Every structure is written in C-alpha cells, then in structure tokens.
Enquirer: 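Just passing along the structure, written as structure tokens.
Lettering of chains follows the sequences in order, A, B, ..., and the numbering in each one begins at 1. On a predicted model such as this, the values are computed, not experimentally measured, just so you know.
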2 protein chains.
Amino acid sequence: MSGRRPYATLLAKGEERRQRILTVAQRLLTRNGWRSITLGQIAREAGVSPAGLLHHFESKEQLLHAVLDARDAYDEATRDPSGDLIERIEGRAERFRRAPDLVGMFAVLLIENLNPDAPLHERFLDRYRAAVDTIAEEIRRGQRAGEYRTDLDPAVKAVEIAAFLNGMETSWLLDPSIPLTEVFREYSRSLARQLAPPSDDS
Amino acid sequence: MSGRRPYATLLAKGEERRQRILTVAQRLLTRNGWRSITLGQIAREAGVSPAGLLHHFESKEQLLHAVLDARDAYDEATRDPSGDLIERIEGRAERFRRAPDLVGMFAVLLIENLNPDAPLHERFLDRYRAAVDTIAEEIRRGQRAGEYRTDLDPAVKAVEIAAFLNGMETSWLLDPSIPLTEVFREYSRSLARQLAPPSDDS
DNA sequence: ACCAACCTACTTTCGATTCAGTAGGTTGGT
DNA sequence: ACCAACCTACTGAATCGAAAGTAGGTTGGT
C-alpha cells in the first residue's frame with residue numbers, strides 16, 4: 001500500500017505544483033519584472049519544464065493575472081481594520097519582514113505599465129487611485145471625528161502618503177539595508193504631529 | 001545655395017540626428033522601460049531605420065548608456081545650489097512641468113535593475129545612496145548651523161525624503177492629474193515644521 | 001580615393017507557445 | 001477480475017515571431 005497513489009493525491013500534487021509555480025512566479029516577478037522574466041526561469045525554479053508550466057497556466061499573461069489575483073486575494077484576506085491610519089503606516093515595516101516576497105510587486109509591475117497602452121495600465125491606475133482614495137477617506141474620517149486638524153487637504157496628503165509608501169518599497173528592494181523600522185516610525189510620527197489638532201492640552 | 005550642402009552641414013545633420021535619437025530614446029525609455037522598448041520604435045520616432053540608428057550608437061545597450069550619461073550631464077549642469085533643502089523640494093513640482101521627459105527615467109530604469117545581477121544594478125544603487133547621502137548631509141549642515149532641530153536622525157529622514165521624491169515621480173507618471181504643486185508644497189511645509197527648532201519665537 | 005550618413009536585405013538568437021507522446025490512475029460496464 | 005475509454009501531469013522536440021545586430025550597397029561631399 002505504499003506504492004499506491006490515489007487519484008486525490010494526484011490532483012493534490014497538481015494543485016500543489018500550481019501553487020509552487022505561483023509562489024515562484026511572484027518572487028521572480030517582483031525581482032525581475034514581467035518583461036525580463038522568462039517562463040523558462042520560472043519553470044526551472046518550480047521544478048517543471050516550460051511546457052509543464054503551461055499545462056497549469058495557459059499563457060505567460062494568464063500566469064501574471066493569476067499572480068495578481070492571488071495577491072489581491074491575499075491583501076483582501078489580511079486587511080485588518082484595527083488601528084488608525086498612522087499606526088498602520090508604522091506597522092508597515094513589519095510586513096516587509098514578514099512577507100518580503102510580496103513587497104514591491106505592485107511597485108515593480110506598476111512601473112512596467114505606466115504607458116497608457118500597456119496591458120495592465122488601467123488595472124494599476126485604478127488600484128492606485130483606490131489606494132489614494134482610501135487613505136484620503138480615512139483622513140476625512142479622522143477630521144470629522146475631531147481627531148485630526150481640518151486645515152489640510154485630505155486628497156493632497158493622501159497622494160503624499162501613497163508616494164512615500166510606494167517609494168519605500170522600491171528603495172527597500174534596491175537596498176535592503178535601509179533602516180526600515182526607523183523610517184516608518186519617523187514618518188508616521190511626523191504625520192501624527194501634522195494631523196494632531198492644534199494645541200489642545202486638556 | 002539651396003541644394004548645396006557643404007560637408008560641415010552634413011556632419012551637423014548627423015550630430016543633430018544623434019541628439020534627436022537621444023531625446024526620443026529618453027522619452028520612450030521613461031515611458032516603456034528598457035526591456036520593452038525596441039530599437040525599431042526609437043528609430044521610427046527619430047525618423048531613421050533601425051540600422052540607421054545603429055550607425056550612431058553601436059548597440060542598444062550603448063544607447064542606454066549614452067542616455068544615462070546625457071541625463072547625468074544634465075543633472076550636473078542644472079544643479080543649482082541656491083535655496084535650502086526644503087525650498088528645493090518645493091520647487092521640484094516646477095521641474096516636472098519644465099522637463100517632463102526627464103522625470104521618472106531614474107525611477108523606471110531603477111526598477112528594471114533591482115536584481116543584483118542586473119547590468120546596471122550597481123550604478124543605480126550607488127546613485128540612490130549618493131542621493132540619500134546628499135540629503136542627509138544637507139540636514140546635518142542645517143543642524144550644525146542651528147537652523148534645524150537636532151533630535152532627529154538625518155540618515156533616517158533622508159531615506160524618507162528620497163522615497164517620497166521617487167514615489168512622486170512614479171505616481172505622476174501613472175497619473176499626471178495628481179495635484180503636483182500642492183503635494184510638494186504640503187510635504188515641504190511639513191518638513192519645514194519638523195525640522196524647525198523647538199518653539200523659538202523670537 | 002575616402003568618409004559620413006544612411007538604407008535594404010538578411011542572419012541570429014531568444015523566448016513563448018504548440019504538438020505528439022509517455023506514465024500513471026480512474027471509471028463503468030461485463 | 002478485467003478491459004476500454006478517458007483523465008491528469010507532465011516531457012522533448014518542433015514552430016514561430018519579434019527584435020538585435022550584420023553585410024553590403026548608395027549617395028553626396030571633400
């Protein structure tokens with residue numbers, strides 16, 4: 001009964017391989033980008049032939065979409081609404097260390113799709129705007145709740161924050177020796193000071 | 001006098017064409033990146049055949065280097081040491097409008113060379129570190145001069161500023177409708193408040 | 001005669017995708 | 001218990017298109 005491999009196991013093996021390919025693709029995509037990575041490299045690291053890879057994903061492009069979808073699903077699943085904007089920014093550094101392979105994928109693929117004709121341009125533009133809107137909305141919420149001062153424009157600050165967060169991802173990918181924690185802490189603190197309502201020492 | 005074209009003119013034409021290619025390459029490179037841009041596209045927009053392009057630049061790679069060198073030369077030439085760090089950051093928005101084709105080239109090519117094995121990785125890493133060091137050094141100068149408060153780490157703040165500046169380039173390339181001026185002004189103002197020595201209302 | 005600035009017509013290389021199989025495992029009769 | 005029809009997970013050897021780069025002209029000027 002040891003040589004036996006029931007059908008379910010076969011299917012599970014296929015599924016596992018598929019996951020493996022997805023994981024490898026995610027990492028290589030982040031480090032090399034879509035244009036320069038080849039199916040051959042992904043396949044090799046995942047332990048299959050290029051043709052074998054295409055058994056699981058029908059094209060290179062479809063693989064990319066699968067990776068993005070998986071990433072979106074992950075984001076959705078790990079979204080944690082606890083803490084306010086500032087705390088979440090500060091906690092960002094931790095995420096870099098916990099899931100380094102996820103960091104920067106957005107930034108890297110975004111760059112490859114800056115051109116309005118690029119296939120994923122719209123997807124990334126929408127995503128970018130959604131991110132900015134989310135941040136802006138959160139600032140507005142804080143303002144309404146009286147936690148933040150109201151004399152700054154949420155939309156403007158949100159663009160700044162998004163730029164900083166995005167910039168940190170690429171900086172870190174380029175030079176992992178930067179003082180992540182300190183930078184995020186420093187930025188979030190300064191943000192806190194900006195947003196704090198004017199001298200109310202009750 | 002009209003049909004005539006003395007040798008000097010011929011040479012001048014060649015040089016002009018070379019410049020034209022360089023300019024076009026710069027723009028297309030920024031929008032599409034190195035991998036996805038083709039000599040054919042650059043050649044077409046510059047009004048030559050691919051082979052004609054290679055008459056001026058011996059290879060695609062050499063063209064890239066020429067573009068980078070030209071960009072470095074431009075940076076060198078337009079470096080203006082007037083104003084302090086904060087003013088220069090605020091003035092950045094203006095540069096986006098004045099020379100839009102130059103904005104983002106660093107950011108885009110950087111991404112394509114994140115991988116330590118990438119041909120230009122070192123060049124970009126050095127450049128990144130030099131940029132951060134320059135900013136840090138300027139903060140230190142201000143601290144020594146008593147203009148800035150001394151209880152923050154220049155190296156940490158410099159990484160933040162670099163991330164923001166870099167992030168703004170990509171954000172703007174993706175979505176040129178963002179409120180550039182306002183964001184730069186808001187950020188530089190908040191930076192000014194951070195750096196200002198503690199309550200000294202003389 | 002020689003050079004610069006091209007051009008057209010290739011050659012080469014590389015990488016995605018297709019194709020024809022192979023090695024198992026399954027399922028539903030009989 | 002056994003078989004035909006079919007399925008999943010692959011592999012190795014083509015195919016095919018795109019793009020860099022080469023060869024060898026052509027034209028016009030010195």
Enquirer: Looking at Lys157(B) and Asp151(B), does any basic side-chain N land under 4.0 Å from a carboxylate oxygen?
Expert: no

Enquirer: For Ile37(A), answer base if it contacts any base atom (sugar-phosphate contacts may also be present), sugar-phosphate if it contacts only those atoms, and nothing otherwise; contact means non-hydrogen atoms under 4.0 Å.
Expert: sugar-phosphate

Enquirer: Side chains of Arg95(B) and Leu102(B), heavy atoms from C-beta outward: is any pair under 4.5 Å?
Expert: no

Enquirer: Is any side-chain N or O of His55(A) closer than 4.0 Å to OP1 or OP2 of dT11(D)?
Expert: no

Enquirer: With both distances kept under 3.5 Å, what pairs with dT30(C), Watson-Crick or G-U wobble?
Expert: dA1(D)

Enquirer: Please determine whether a side-chain nitrogen or oxygen atom of His56(A) lies at a distance below 4.0 Å from atom OP1 or OP2 of dT8(D).
Expert: no

Enquirer: Tell me whether the OP1 or OP2 atom of dC7(C) has a side-chain N or O from Ser49(B) closer than 4.0 Å.
Expert: yes

Enquirer: What is the base-pairing partner of dA18(D), counting Watson-Crick and G-U wobble geometry with both distances under 3.5 Å?
Expert: dT13(C)

Enquirer: Which nucleotide wins on minimum distance to the side chain of Lys60(B), given the candidates dT11(D), dC7(C), dG21(D)?
Expert: dG21(D)

Enquirer: Is a salt bridge present between Arg127(A) and Asp75(A), judged by a nitrogen-to-oxygen distance below 4.0 Å?
Expert: yes

Enquirer: Tell me: CD1 of Ile42(B) to C1' of dA19(D), nearest whole Å?
Expert: 12 Å

Enquirer: Could you tell me whether the phosphate oxygens of dC10(D), OP1 or OP2, come under 4.0 Å of any side-chain nitrogen or oxygen in Arg17(A)?
Expert: yes

Enquirer: Using the ring of Phe106(A) (Phe, Tyr or Trp, six-membered ring only), decide whether Arg71(A) places NZ or CZ under 6.0 Å from its centre and within 45 degrees of its axis.
Expert: no

Enquirer: Could you check how far CD1 of Ile21(B) sits from P of dC6(C), rounded to whole Å?
Expert: 8 Å

Enquirer: Provide, to the nearest angstrom, the distance between the CZ atom belonging to Arg44(A) and the P atom belonging to dC14(C).
Expert: 13 Å

Enquirer: Can you tell me the Watson-Crick or wobble partner of dA23(D), both distances under 3.5 angstrom?
Expert: dT8(C)

Enquirer: If you check the Thr38(B) side chain, which of dA20(D), dA9(C), dC19(C) turns out closest?
Expert: dA20(D)

Enquirer: Output the rounded distance in Å from CZ (Phe57(B)) to P (dT22(D)).
Expert: 16 Å

Enquirer: Between Gln41(B) (CD) and dA20(D) (C1'), how many Å, whole number?
Expert: 14 Å

Enquirer: Does either side chain, that of Arg144(B) or that of Thr150(B), offer a donor lying less than 3.5 Å from an acceptor on the other one?
Expert: no

Enquirer: Expressed in angstrom and rounded to an integer, what is the separation of Asn32(A) atom CG from dG15(C) atom C1'?
Expert: 15 Å

Enquirer: Atom CZ of Arg18(A) and atom C1' of dA9(D): how far apart are they, to the nearest Å?
Expert: 14 Å

Enquirer: Could you tell me the separation between the CG atom of Leu54(A) and the P atom of dG15(C), rounded to a whole number of Å?
Expert: 15 Å

Enquirer: What contact category does Leu39(A) fall into here, base, sugar-phosphate, or nothing, at under 4.0 angstrom with non-hydrogen atoms?
Expert: sugar-phosphate

